[in-house]
Number of protein chains: 2
Amino acid sequence: MSQELILPKRLLMGPGPSDVHPHVLKAMATPLLGHLDPTFLNIMNETMELIRYVYETKNQVTIAMSGTGSAGMETVFVNLIEPGDKVIIGVNGLFGQRMVDVAERAGAEVIQVQAEWGRSIDPADIEKALKNYSPVKAVAVVHAETSTGANQPLEEIAKLAKEYDALMIVDAVTSLGGMKVGVDKIGIDAVYSGTQKCLSAPPGLSPVSLSDKAVEVLKSRKTKIQSWYLDLSMIQAYWGQERFYHHTAPISMIYALHEALRLIKEEGLEATFKRHEQNGRALQAGIEAMGLELFAQEGHRLPMLTSVKIPDGVDDVKVRQLLLERYGLEIGGGLGPTKNKIWRVGLMGYSSQRSNVIQFLTALESILSELKIKINEGEAVKAAENYLNNHE
Amino acid sequence: MSQELILPKRLLMGPGPSDVHPHVLKAMATPLLGHLDPTFLNIMNETMELIRYVYETKNQVTIAMSGTGSAGMETVFVNLIEPGDKVIIGVNGLFGQRMVDVAERAGAEVIQVQAEWGRSIDPADIEKALKNYSPVKAVAVVHAETSTGANQPLEEIAKLAKEYDALMIVDAVTSLGGMKVGVDKIGIDAVYSGTQKCLSAPPGLSPVSLSDKAVEVLKSRKTKIQSWYLDLSMIQAYWGQERFYHHTAPISMIYALHEALRLIKEEGLEATFKRHEQNGRALQAGIEAMGLELFAQEGHRLPMLTSVKIPDGVDDVKVRQLLLERYGLEIGGGLGPTKNKIWRVGLMGYSSQRSNVIQFLTALESILSELKIKINEGEAVKAAENYLNNHE
């Protein structure tokens, strides 16, 4: 029946996964060490150090959970929240909604602070909620809303959380490695991410970090953590000095994450951020020059994920199909309220390259022209190149 | 700081992970498709078919969970058990104990049916518990206790579960692909496994299958599933026709599992089982010929994992260290009550090879001789070769 896989070539410019760096793919193919092999334990130590590097934290509890970004989200909530705890969650997209669902299953009483999809959460609304519902156990926001392309400034909200003695929880799935998260400087107490966005490793691990304050909360729980698989009190005993066996670590994925983070360190964190910023802004300049509109609120647009309003009369699915079939180029569609209304174009990690910006703009222009959609022909690439030449 | 990984050569003959087949390593290095790419969705379909093949089931809900075997365990309990449900669990090793912990966190009232480590659970004890605690929601046993090397016959217990209208839950982490699980024939309602044992893929996925009866239980739950990440009602909507996005599948790991299962199908299920059986029994013959004793109860010894009593006066850790340092050969030690009392020698999947049997027996004999431990020199390899020559 099944044959060995021979797959079509793809250029991954959707909301994740991004293209994986060839060195990371090579790491994936490395023969296995045992998960308690001294050499492997050393790789785990180095991986923790590298995760600390991208998060910019000294947090002791900084590990890779054995699941995707959503497992990281669940890890944070089931470990820090106990039934009846009040949690304020910023909801301006799918991943904020997901946090609500996950937190409620952990027994939280959730207070939603909403903003329109595509806009960021107003810190004043968070403050109001903190006042009204005091005492609040935690405030949680999504740093980079993958469903909308909007960023969420963290400084002010983190200060408020601290002021009201609440934990500051951040979803950094799409931001980590593509823009500054700055865990220690901002004062984030619990953060999680995924490997398949700006880290450019395959999906399958979730880098998680807890501040000392969060660790104290974990240690002083009154109830048992409802998940065995995600129980940090046991998992940190495997990643820590004790090396106490919990579950078999996804060895190959840790090789991949180690290599992906090592490549980021080699490029340098600031250089990586700058690359994401430049390519993202160039793409956005190109899109606007073409005559299309951006979806996310101005001033809050992510560099690694650009949301584009689909012009009236354009068949969303058809355009994405043509991009995929003709050019092997994958972008994402909208979700929930933005379904068929926006495209989501990623420039994450290894996919964030000047050549990809140009390739996408050229392909999109060809397709829209063929479909007789009115655009400013020939302007997009010029604008993007222009932006890049002026921002080296 | 960190360098690209250059790792020592290992022969993985512990309790898992096993050596990964070179074709599976190659699959791990395949560039990614998007997790909603039509070609990838087709690979998921083929993977489901292949999982059904090794489980020998027609179960519709047969998928790979995005976590290791323990995540599969938790998946089964959090989806099928509701607070207050009575669950009978056979406990004769670490993984039975783990099921108790996981089931209790899901709110189960657990009735433990115990046997000594190294022995199998007596079906009569299960029947007694079923009578005493009726109605019971589920009976759960470990098919191949990785901590002891003992197998658990399933037929009789499955019949009892059916008779008392309880779900039959089986941990097939170490058995799947190395011995018959036979889900449909036995009448198993929920089963989970891992990829890093007899399937010889890296750790990171857990093949799970639910019978129609189990799916009915899932559908008629009164309470919400406590885990979002492991919520099968949502996950099957991604693996099924709806293709509803839940979380980003660990794409590379699915490539690996697809290839690992394809290789098993190419070899043939019965041929794979026979290879495990022959190499395991040959190893056991060699161990006994050397003058060492086997730990697991006679008649209940697993072919893919042999537990060996460590002779008096032998330094457990030192022997394992020498095997690793001199020969790159990894075996496992004991856990809990068997710590420093047994070795666990795996012949799983790609590691189950005649050359590995001989290599291990030779290396162990060299080390024990050097440590002046009284053994029958020169007998082990002869006995193993003899066994294999007579059982082609």
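Below, read A as the first sequence line, B as the second, and so on, with proteins coming before strands; counting in each chain starts at 1.
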* Asked: Heavy-atom distance under 4.5 Å to chain B: side chain of A:F95, backbone, both or neither?
  -> side chain

* Asked: Under 3.5 Å, side chain of A:K339 to main-chain N/O of A:G333, donor-acceptor pair present?
  -> no

* Asked: For chain B, which of A:I251, A:T30, A:V78 has the most heavy-atom pairs under 4.5 Å?
  -> A:I251

* **Pair A:H246 + A:Y238: ring centers closer than 6.0 Å** => no

* Relative to chain A, which of B:Y229, B:Y245, B:Y255 shows the most heavy atom pairs under 4.5 Å? -> B:Y229

* Mind ranking B:Q196, B:E74, B:M28 by heavy-atom pairs under 4.5 Å with chain A and telling me who comes out on top? => B:E74

* Of the backbone (N, CA, C, O) and the side chain (C-beta and beyond), which part of A:L33 lies under 4.5 Å from a heavy atom of chain B, both, or neither? -> both

* Identify which of A:P8, A:S66, A:G194 forms the greatest number of heavy-atom pairs closer than 4.5 Å to chain B. => A:P8

* When A:A29, A:G16, A:G204 are compared by non-hydrogen pairs under 4.5 Å with chain B, the top option -> A:A29

* Max heavy-atom pair count under 4.5 Å with chain A, selected residue of B:V24, B:L230, B:D231, B:L205 -> B:D231

* Asked: Ignoring hydrogens and geometry, is there a side-chain-to-backbone donor-acceptor pair from B:E330 to B:M13 under 3.5 Å?
  -> no

* Polar contact flag, side-chain donor to acceptor under 3.5 angstrom, B:T68-A:T248 -> no

* Proximal component of A:L32, with respect to chain B [non-hydrogen, under 4.5 Å] -> both

* To do: Examine whether an atom of A:P38 lies under 4.5 Å from a heavy atom of chain B, and if so say whether it belongs to the side chain, the backbone or both; otherwise answer neither.
  => side chain

* Atom pair CG/CG of B:L347 and B:N356 - distance to nearest 0.5 Å -> 7.0 Å

* Say whether A:S227 and B:R105, considering side chains only, have a donor N or O and an acceptor N or O under 3.5 Å apart. => no

* Asked: Between the main-chain N or O of A:P15 and the side-chain N or O of A:K197, is there a donor-acceptor pair closer than 3.5 Å?
  -> yes

* Asked: Does B:E4 pair with A:K26 as a salt bridge, N-O distance under 4.0 Å?
  -> yes

* **Heavy-atom proximity to chain B below 4.5 Å, by part of A:L261** => neither

* Largest heavy-atom contact set with chain A, pairs under 4.5 Å, which of B:P202, B:A256, B:G332, B:G107 -> B:P202

* **B:N340 (side chain) donor-acceptor with B:D316 (main chain) under 3.5 angstrom** => no

* With a 4.5 angstrom heavy-atom cut-off, could you sort out which part of A:A249 is near chain B: side chain, backbone, both or neither? => backbone

* Asked: Under the 3.5 angstrom rule, does the side chain of B:S18 hit a backbone N or O of B:S351 as a donor-acceptor pair?
  -> no

* Asked: Side chain, backbone, both or neither: which part of B:A71 has an atom under 4.5 Å from a heavy atom of chain A?
  -> both

* Output yes when a side-chain donor or acceptor of A:D19 lies under 3.5 Å from a complementary backbone atom of A:Y350, and no otherwise. => no

* Under 4.5 Å from any heavy atom of chain B - which part of A:Q226 -> both

* Residue among A:R98, A:K9, A:E104 with most heavy-atom pairs under 4.5 Å to chain B -> A:R98

* Asked: A:H258 versus chain B, heavy atoms under 4.5 Å apart: side chain, backbone, both or neither?
  -> side chain

* **Interchain contact, B:L94 with chain A, by part (heavy-atom threshold 4.5 Å)** => side chain

* Structure fact -> Counting heavy-atom pairs under 4.5 Å with chain A, the top scorer among B:E259, B:H35, B:R262, B:H23 is B:R262

* Asked: Using non-hydrogen atoms only, which part of B:I43 is less than 4.5 Å away from chain A: side chain, backbone, both, or neither?
  -> side chain

* To do: Would you mind checking which part of A:L11 comes under 4.5 Å of any heavy atom in chain B, side chain (CB onward), backbone (N, CA, C, O), both or neither?
  => neither

* **Side-chain donor or acceptor of A:R10 paired with backbone N/O of A:L12 under 3.5 Å** => no

* Can you tell which of B:A27, B:P22, B:G69, B:P31 has the highest number of heavy-atom pairs within less than 4.5 Å of chain A? -> B:P31

* Asked: Side chain, backbone, both or neither: which part of A:I225 has a non-hydrogen atom closer than 4.5 Å to chain B?
  -> both

* Asked: In Å and rounded to the nearest 0.5 Å, what is the CZ to CG distance from A:R344 to A:L305?
  -> 6.5 Å

* Under 4.5 Å between any side-chain heavy atoms of B:I63 and B:M65, yes or no? -> yes

